[in-house]
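Quick note: numbers below take in every heavy atom, side chains included, and nothing from hydrogens, waters or symmetry partners. Whatever order the structure lists ligands and atoms in, that order sets their numbers, starting from 1.
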Amino acid sequence: MKRIGMLTSGGDCQALNAAMRGVGKTLFQSGEEVEIYGFLDGYKGLIYGDFKMLNHSDFSGILTKGGTILGTSRTPFKQIREPDEKGNDKVECMKQTYYKLKLDCLVILGGNGTHKTANLLREEGLNVITLPKTIDNDLWGTDMTFGFQSAVNIATECIDCIHTTASSHGRVFIVEVMGHKVGYLTLNAGMAGGADIILIPEIPYDLNKVIAKIEERSKNGSHFTILAVAEGAISKEDAKLSKKEYKEKMKNYKYPSVSYEIAARITEKTGQEVRVTVPGHTQRGGSPCPYDRVFASRLGSEAGKLILKGEYGFMVGYKNREIVKVPLEDVAGKLKMVAPDAAIVKEAKMLGISFGD
Ligand code: F6P
């Protein structure tokens with residue numbers, strides 16, 4: 001008999017259900033006796049023992065369903081060692097739930113913050129297997145996370161739609177793509193959507209260079225320009241500020257987000273009309289794309305295989321076109337970022353795309 005706890009934590013994304021289905025189907029089909037405890041709303045469910053039993057039928061009909069059948073929440077790692085409002089030690093509570101239910105293993109689906117807590121639970125002696133989810137594709141140890149390709153599709157579609165209206169009106173358009181720290185999503189959607197300028201956190205921009213690109217396009221007869229701007233795009237001046245100075249500056253920030261600031265500054269300097277579109281959480285929503293359905297199913301199935309073999313303490317990831325197991329201690333606390341000199345960035349530049357640098 002294997003007793004498995006499962007939870008999804010952090011911001012949701014497409015294919016969470018597909019991944020859980022991969023684990024569930026693999027386990028139920030193995031012939032081994034299995035009980036699966038689905039903890040509700042992320043680590044909260046594990047802390048407070050809030051779960052529902054997941055049967056074979058719970059994993060049917062969810063391959064194409066967005067969101068997560070277990071619900072999710074953010075439990076910041078920084079606060080995990082702090083007692084809750086009632087003074088409970090959250091880590092101890094999670095351990096108690098695990099031991100009380102006599103679990104053999106936890107399957108945890110999440111991104112960066114989630115992996116720090118998963119690794120902490122491993123250090124505390126629990127058996128843990130994780131699966132890499134996030135539209136940001138910023139998890140260290142895996143070339144790809146599920147959710148990413150689906151989000152690229154949605155952000156690209158948004159840029160595609162903006163293209164037609166931008167060319168009709170001869171305006172500058174900014175599409176703000178998700179990603180506070182890492183620009184994979186903006187870079188890929190920007191390239192796929194034919195953006196003229198791509199601004200990502202890893203490559204601080206110079207507004208004069210951005211404007212020069214817009215003007216160059218006008219001179220060459222293109223009367224519109226599209227910018228794909230990551231939520232966390234940062235100017236060269238701001239990138240020089242210390243964390244403290246930057247925080248201070250943001251206290252008096254008058255724009256809803258960085259795109260609106262860039263828009264205002266472009267208008268101020270060029271007189272051009274600029275419009276901002278923020279697809280926001282639509283990028284995390286809806287049905288997973290076929291790539292993510294297959295990818296998440298494969299990861300889930302490999303996780304099931306590890307559980308059956310009793311191999312714990314790994315994230316199931318993807319490296320050089322192979323599904324691999326990566327030790328959790330190697331993943332936790334590390335961010336995978338776009339290298340400013342990565343081949344894809346160089347190729348984008350050769351296509352004439354400006355990064356404002
Ligand atoms: O971590 C995924 C992500 O969608 C980021 O791209 C985005 O910046 C953030 O979550 C938004 O978080 P929330 O849903 O908490 O607003």
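The residue from Lys181, His180, Arg284 that puts a heavy atom closest to atom 3 (C) of ligand 1 is Arg284. The closest heavy-atom contact to atom 8 (O) of ligand 1, among the options Glu231, Met178, Lys133, comes from Glu231.
Shown here is Lys90, whose NZ atom has more than 12 heavy atoms of other residues, nucleotides or ligands within 6.0 Å.
With a heavy-atom cut-off of 4.0 Å, Leu185 does not touch ligand 1 at all.
Protein heavy atom nearest atom 12 (O) of ligand 1, with residue, atom name and distance: Arg74 NH2, 2.9 Å. The nearest protein atom to atom 16 (O) of ligand 1, hydrogens excluded, is given as His281 NE2, 3.3 Å; this is a heavy-atom distance. Looking only at protein heavy atoms, the nearest one to atom 2 (C) of ligand 1 is Asp136 OD2, 3.3 Å.
Backbone and side-chain nitrogen or oxygen atoms of Thr134 are examined, and none is located within less than 3.5 angstrom of a nitrogen or oxygen of ligand 1.
The pair Glu32-Arg3 fails the salt-bridge criterion, with no side-chain N (NZ, NE, NH1 or NH2) lying under 4.0 Å from an Asp/Glu carboxylate O.
Between the side chains of Arg122 and Asn119, at least one donor N or O lies within less than 3.5 Å of an accepting N or O. Looking at Lys269 and Asn208, their side chains do bring a donor and an acceptor atom within 3.5 Å of each other. Defined by atom type and a distance below 3.5 Å, a donor-acceptor pair is present between the side-chain atoms of Asp84 and Tyr48. Defined by atom type and a distance below 3.5 Å, a donor-acceptor pair is missing between the side-chain atoms of Thr225 and Arg171.
Under the 4.0 angstrom criterion for non-hydrogen atoms, Gly179 is in contact with ligand 1.
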